[in-house]
Amino acid sequence: MSTELANAHAAQDAKTLVNDFSIEIGTVNGSGSQTANSVLMRTIFLMGVPVSGKNLFPSNIAGLPTWFQIRANTKGYVARKHRVDLMICMNPETAKEDVLKLSDGAIVIYDEPLKLNTLRDDLIYYPVPFQKLVTASCPEPKLHKLVKNMIYVGVAGQMLGLDMIETKKAITKQLKGKQKAIEINQAAVDAGFAWAAENMPAQSRIKVVADDKTKGNIIIDGNAACALGAMFAGVQVVGWYPITPSSSLVESLIDYADEYRRDEDGKSTVAIVQMEDELASAGMVFGAGWAGARSMTSTSGPGISLMSEFIGLGYFSEIPGVFFNVARTGPSTGLPTRTMQGDIDICAKCSHGDTLHINLYPGNMTECFEFAYESFNLAERFQTPIFVVTDLDLGMQNWMSKPFTYPEGNFDRGKVLGEKELADMKDWGRYKDVDGDGIPYRTLPATPGGKGAYFTRGSGHNAMAQYSEKPEDYVALVDRLRAKYETAKSYVPKPILDDTGSKRGILAFGSSDPAVMEARDVLVDSFQKKTDYLRLRALPFTAEVDAFIKNSDVVYVVEQNRDGQMKALLREFYPQASMKFKSVLHYNGMALDAQTIVDQINAFEK
C-alpha cells in the first residue's frame with residue numbers, strides 16, 4: 001500500500017478539496033448499488049453539504065454497467081463536474097476504462113482482485129477486499145451480491161470523514177422502516193468503515209466537513225415534483241404509456257394519488273389508465289379535456305412523435321390537455337437512458353401545418369412543481385395542448401431543493417359558459433373571438449340546460465364550428481390561433497434575468513441552468529469576462545427576451561442538442577438579430593458541465 005501511495009506523492013500533496021469534489025461509482029446494474037449510492041449521497045447532504053446525484057444506467061437488462069456520480073460543493077454548484085476526484089471501481093468490465101479516463105491525482109477505491117494499481121502511477125490507489133468483508137459481515141450468502149456495495153459506503157465514509165450517525169439516518173430513510181434490511185446494510189457499512197480505519201493510510205486529498213448549507217432542504221427528482229404539481233392542480237384523467245425516462249412521473253403520481261386523492265368513501269378522485277400506446281394516450285387526454293376534465297399524459301420524444309396527429313387535433317379544435325415531455329436522446333430509439341434537450345423544435349411546433357404551442361421549461365425542482373401546476377391553468381385558459389418540457393437529467397436525477405409552497409388561489413378554468421350564460425346566449429359561436437384576445441368561449445358537456453355539448457372537428461371550420469373550405473374562414477381561423485399565442489405572452493412564466501451591464505449575453509433553459517451558473521463564475525474568476533444571463537422559462541418569447549436580445553452584442557445560446565434548435569427558433573422570431581446568436585452545444589448524452597460552456601465561449605472569443 002505504501003509503495004502505491006508513494007508513486008502518487010505529488011498528487012497527494014495537492015490542495016485538499018473540502019466539500020468540493022466529485023465521486024463516480026462504477027458498478028453492475030441490478031446489484032443493489034442504487035441503495036448504496038443514495039445512502040452515500042444523502043449522508044453528505046445530511047452533513048450540510050449541497051449535493052446532486054446522477055445515475056447513468058443501461059437501457060435494457062440487469063448485469064450491464066452502470067455509474068453513479070455525486071457532486072458535492074459548498075458553493076452550491078450541482079452540475080456535473082468535468083473531473084472525477086474519487087473513483088470507486090466495482091465492475092470488472094469497466095474498471096480499466098474507468099481508471100484510464102481519470103485526471104492525475106484522483107483517488108481510486110477498487111475491488112482488490114482487479115489489481116488496478118498497475119495501470120497508472122499518477123493516481124492514489126486503495127484496494128479493498130470487498131468479498132471478504134461482506135462474507136464476514138452478512139450471514140446470508142444469497143444477499144452478498146446486494147450488500148457488497150454497502151461496504152464501499154463505509155470505506156469511503158471513513159476516508160472522507162463522514163458522520164456515521166448521519167449514514168445510519170440515510171440508511172433508515174432509504175429502506176423505509178424495513179428493520180432487517182436496515183440492520184444488514186448497516187452492518188456492511190460498519191464493516192467497511194472499521195476495515196478502512198485499521199488498514200487504509202489517511203489521505204488529505206478529499207474531505208467532508210460538517211456545514212449547514214442544506215438545512216431545511218429536501219432531495220427530490222423532477223418527475224416526482226411534476227407529479228406533485230399535477231396532483232395539486234386537480235388532475236382528473238391520466239392516459240399514459242410507459243417510456244423511459246418519463247414513466248416515474250406517472251408512477252409517482254399513482255403513489256401520491258393513492259394516498260392523497262381519495263374521497264371520504266375511499267374512492268379515487270383521479271382516473272389513471274395505462275393505454276395500449278402513445279397515440280391512444282393522447283386521444284384519452286383530449287377526450288377527457290373536451291368533456292371538461294383536467295387531463296394529462298407523460299412521455300418522451302418518441303411518444304411525442306407518435307402523439308403528433310392527436311396533438312394537431314387538440315391545437316386546431318382547441319381542446320385543453322397537458323403533455324409532460326421528459327426528453328432523452330434521439331432520433332428514433334436513440335439512447336433511452338441518456339439526457340438531451342432534443343425536443344425543443346417538435347414541442348414548439350408539434351403536428352403538420354402552422355402550429356405554435358405554449359411550452360414551459362422548468363429549470364429546478366420548485367419550477368417542476370409550480371409549472372406542472374400552472375400548466376393545467378394555461379391549458380384551460382387557452383384551450384390548447386400545453387407542453388411541460390424537461391429532460392432525463394432534470395426528471396430522473398437527484399436534486400436538492402427547498403420544500404414547495406402550497407399553491408394559493410383557485411383553478412383557472414378559462415372562458416367556460418355555464419347554464420345561465422347559455423340560456424341567455426342568442427348568438428354564440430364556439431370559435432368566435434369575442435374579446436379580441438384570440439380565445440373563444442367554450443362549453444362543457446352535461447352542463448344543465450342541455451346546451452353544453454358541441455361538435456368539434458379537426459377539419460376547416462368557421463367561427464360557428466361549421467365545416468368550411470372558404471379561404472377567408474381558414475385564414476381567419478389560423479390568424480386567430482396565432483393571436484391567441486401572442487396573448488399567452490402575458491400569462492406564461494417570465495424569464496429570469498441577471499443583468500451585470502455586460503453586452504455579452506448567455507441564454508439557456510431547463511437543466512442547463514446549474515452548469516451556466518457555475519460557468520459564469522469561472523468566466524469572471526479565471527478570464528475576467530462578465531456575462532448577462534437570461535434563463536428562458538417558456539414559449540412564446542416575451543418582451544423580456546426582446547429587450548435582452550436588443551441590449552446584447554452577442555447572445556450565447558446554451559442548449560443540449562446538435563442542431564441548435566432553440567437558436568433556430570430565436571432566429572425565426574428575431575431575424576433582425578440573427579447574427580448575434582452563437583451556439584454553445586452539448587449533445588453526448590451526459591449532463592452538461594460548466595467547463596464545456598467556458599471552453600466554447602472562450603473559443604468564440606479568441
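Sequential numbering from 1 along the given sequence is applied to the chain's residues.
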Next on the checklist: Quick check: Phe286 with Phe323 (ring centres under 6.0 Å apart)?
Outcome noted: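 Yes, they do, as the ring centres are separated by less than 6.0 Å.
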So with a 6.0 Å cut-off around [atom1] of [X], is the heavy-atom count from everything else above 12?
{"X": "Asp354", "atom1": "CG", "value": "no"}
{"X": "Met517", "atom1": "CE", "value": "no"}
{"X": "Glu309", "atom1": "CD", "value": "no"}
{"X": "Arg457", "atom1": "CZ", "value": "yes"}
{"X": "Tyr260", "atom1": "OH", "value": "no"}
{"X": "Glu469", "atom1": "CD", "value": "no"}
{"X": "Lys580", "atom1": "NZ", "value": "yes"}
{"X": "Asp424", "atom1": "CG", "value": "yes"}

If we ignore hydrogens and angles and just use 3.5 Å, is the side chain of [X] paired with the main-chain N or O of [Y] as donor and acceptor?
{"X": "Glu559", "Y": "Met566", "result": "yes"}
{"X": "Thr355", "Y": "Cys350", "result": "yes"}
{"X": "Ser552", "Y": "Ile549", "result": "no"}
{"X": "Thr66", "Y": "Leu56", "result": "yes"}
{"X": "Asn55", "Y": "Phe68", "result": "no"}
{"X": "Thr337", "Y": "Phe57", "result": "yes"}
{"X": "Asp343", "Y": "Cys347", "result": "no"}
{"X": "Thr214", "Y": "Phe45", "result": "yes"}
{"X": "Asn359", "Y": "His357", "result": "yes"}
{"X": "Ser38", "Y": "Thr35", "result": "no"}

With no hydrogens and no angle check, do the side chains of [X] and [Y] hold a donor and an acceptor under 3.5 Å apart?
{"X": "Gln560", "Y": "Ser512", "value": "yes"}
{"X": "Asp563", "Y": "Tyr587", "value": "no"}
{"X": "Asn377", "Y": "Glu374", "value": "yes"}

Do [X] and [Y] have side chains that approach each other closer than 4.5 Å (heavy atoms only, starting at C-beta)?
{"X": "Phe316", "Y": "Leu481", "answer": "yes"}
{"X": "Gln383", "Y": "Ile439", "answer": "yes"}
{"X": "Ile386", "Y": "Phe376", "answer": "no"}
{"X": "Pro302", "Y": "Arg328", "answer": "yes"}
{"X": "Gln274", "Y": "Trp240", "answer": "yes"}
{"X": "Val558", "Y": "Val516", "answer": "yes"}
{"X": "Phe324", "Y": "Ser246", "answer": "no"}
{"X": "Tyr241", "Y": "Thr299", "answer": "no"}

Salt bridge or not for [X] and [Y], using N-O below 4.0 Å?
{"X": "Asp546", "Y": "Lys550", "answer": "no"}
{"X": "Lys415", "Y": "Asp437", "answer": "yes"}
{"X": "Arg80", "Y": "Asp393", "answer": "no"}
{"X": "Arg71", "Y": "Glu518", "answer": "yes"}
{"X": "Arg442", "Y": "Glu318", "answer": "no"}
{"X": "Lys432", "Y": "Asp427", "answer": "yes"}

Atom [atom1] of [X] and atom [atom2] of [Y]: how far apart are they, to the nearest 0.5 Å?
{"X": "Glu251", "Y": "Asn223", "atom1": "CD", "atom2": "CG", "answer": "9.0 Å"}
{"X": "Gln565", "Y": "Gln341", "atom1": "CD", "atom2": "CD", "answer": "9.5 Å"}
{"X": "Cys226", "Y": "Ile220", "atom1": "SG", "atom2": "CD1", "answer": "9.5 Å"}
{"X": "Met296", "Y": "Ile272", "atom1": "CE", "atom2": "CD1", "answer": "8.0 Å"}
{"X": "Asn398", "Y": "Asp221", "atom1": "CG", "atom2": "CG", "answer": "7.0 Å"}
{"X": "Trp399", "Y": "Ile218", "atom1": "CH2", "atom2": "CD1", "answer": "14.0 Å"}

Of all the heavy-atom pairs spanning [X] and [Y], show the shortest one and how long it is.
{"X": "Leu444", "Y": "Gly292", "result": "CD2-CA, 3.6 Å"}
{"X": "Thr297", "Y": "Gly239", "result": "OG1-O, 2.6 Å"}
{"X": "Ala227", "Y": "Ser252", "result": "CB-CB, 3.9 Å"}

Ring of Tyr431, cation from Arg480 - is the NZ or CZ under 6.0 Å from the centre and inside 45° of the axis?
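Geometry flag: not set, cation outside 6.0 Å or 45°.
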Over 60° means perpendicular and under 30° means parallel, so classify the ring planes of Phe541 and Tyr574, tilted if in between.
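Tyr574 vs Phe541 ring planes: tilted.
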Do the rings of Tyr406 and Phe232 sit parallel, tilted or perpendicular, given the 30° and 60° boundaries?
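If you compare the ring of Tyr406 with that of Phe232, the planes turn out perpendicular.
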